[in-house]
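These notes concern the structure reproduced below.
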Amino acid sequence: MMIKPFIRLENGLGFAACLYVYVQLGFPLWLFFLLLLAPDITMIGYLLNTRTGALLYNWGHSFVLPLLLAAGYMYASNEYLLMISIIWAAHICVDRLLGYGLKYHDSFKITHLQRI
């Protein structure tokens with residue numbers, strides 16, 4: 001059984017679901033595409049070293065923080081938290097659709113999904 005096609009299908013559907021929910025909630029589509037690559041700012045940690053880079057990158061590319069923002073929305077009813085959460089989750093899905101996963105501290109090119 002080949003795993004990569006399932007991972008890509010799963011994350012492609014995840015991205016589509018994020019985009020669908022975002023549009024259904026009436027959030028501005030231009031902002032979705034403007035902020036879609038914003039989580040990649042976490043790569044800045046690689047300027048220090050690979051360990052710091054991987055740690056920062058992984059925090060920015062796991063679903064933990066977007067889910068916490070969604071929970072914050074449910075608590076505070078702040079739509080911006082939900083909007084950012086959906087965009088962030090969509091970004092993670094696109095990355096994993098393309099084969100970019102969470103990084104090991106050895107190298108930027110070694111991920112939990114594959115060797116890039």
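As the structure is a prediction and not an experimental result, all values here were calculated from the model.
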With a 4.5 Å heavy-atom cut-off, do I86 and L25 have their side chains touching?
yes
Looking at F63 and A89, what are the two nearest heavy atoms and their distance?
CE2-O, 3.9 Å
Taking all non-hydrogen atoms of both residues, which atom of F15 and which atom of C93 are closest, and how far apart?
N-CB, 3.7 Å
If two hydrophobic side chains count as joined below 4.5 Å and joins carry through other members, does Y46 share a cluster with I41?
no
Any side-chain heavy-atom pair from F32 and F27 closer than 4.5 angstrom?
no
Evaluate side-chain contact (heavy atoms from CB on, under 4.5 Å) for Y100 paired with H61, printing each intermediate quantity in order.
CA-CA 10 Å; Y100 296 102; H61 288 81; over 6 Å; no
Search all heavy atoms of N49 against all heavy atoms of T52 and return the closest pair with its distance.
OD1-N, 2.7 Å
Over 12 foreign heavy atoms within 6.0 Å of CD1, I44
no
Do L102 and R96 make a side-chain contact, defined as non-hydrogen atoms from C-beta onward lying under 4.5 Å apart?
yes
Quick one: do L48 and M43 end up in the same hydrophobic cluster if we chain Ile, Leu, Val, Met, Phe, Trp and Tyr together by side-chain heavy atoms under 4.5 Å apart?
no
If I compare all heavy atoms of W88 with all of P39, which pair ends up nearest, and what's the gap?
CD1-CG, 3.6 Å
Side-chain heavy atoms nearer than 4.5 Å, only ILVMFWY residues, links allowed to pass through others: does that put Y75 and L81 together?
no
Hey, any chance L67 and M74 share a hydrophobic cluster, counting ILVMFWY side chains that come within less than 4.5 Å of each other, even indirectly?
yes
Check: N11 and I92 side chains under 4.5 Å, non-hydrogen atoms
no
In the structure I gave you, are the side-chain heavy atoms of T42 and W59 within less than 4.5 Å of one another anywhere?
no
Around L9, counting heavy atoms of other residues, nucleotides and ligands shown, do more than 12 lie under 6.0 Å from its CG?
yes
Enter the distance from L98:CG to R8:CZ here, rounded to the nearest 0.5 Å.
7.5 Å
Is the shortest side-chain heavy-atom distance between V94 and L37 below 4.5 Å?
no
Heavy-atom side-chain contact between D40 and H91 under 4.5 Å:
yes
Could you report the tightest heavy-atom contact between V23 and L29, atom names first, then the distance?
CG2-CD1, 3.9 Å
Measure the shortest side-chain to side-chain distance between Y22 and P28 over non-hydrogen atoms and say whether it is less than 4.5 angstrom.
yes
Please determine whether the number of non-hydrogen atoms from other residues, nucleotides or ligands lying under 6.0 Å from atom OH of Y20 exceeds 12.
no
Distance col, row T50:OG1 vs L55:CG, nearest 0.5 angstrom, shows 11.5 Å
Common cluster, L68/L35, ILVMFWY with side-chain heavy-atom separation under 4.5 Å
yes
What are the two closest non-hydrogen atoms of L69 and S85, and how far apart are they?
CB-CB, 3.9 Å
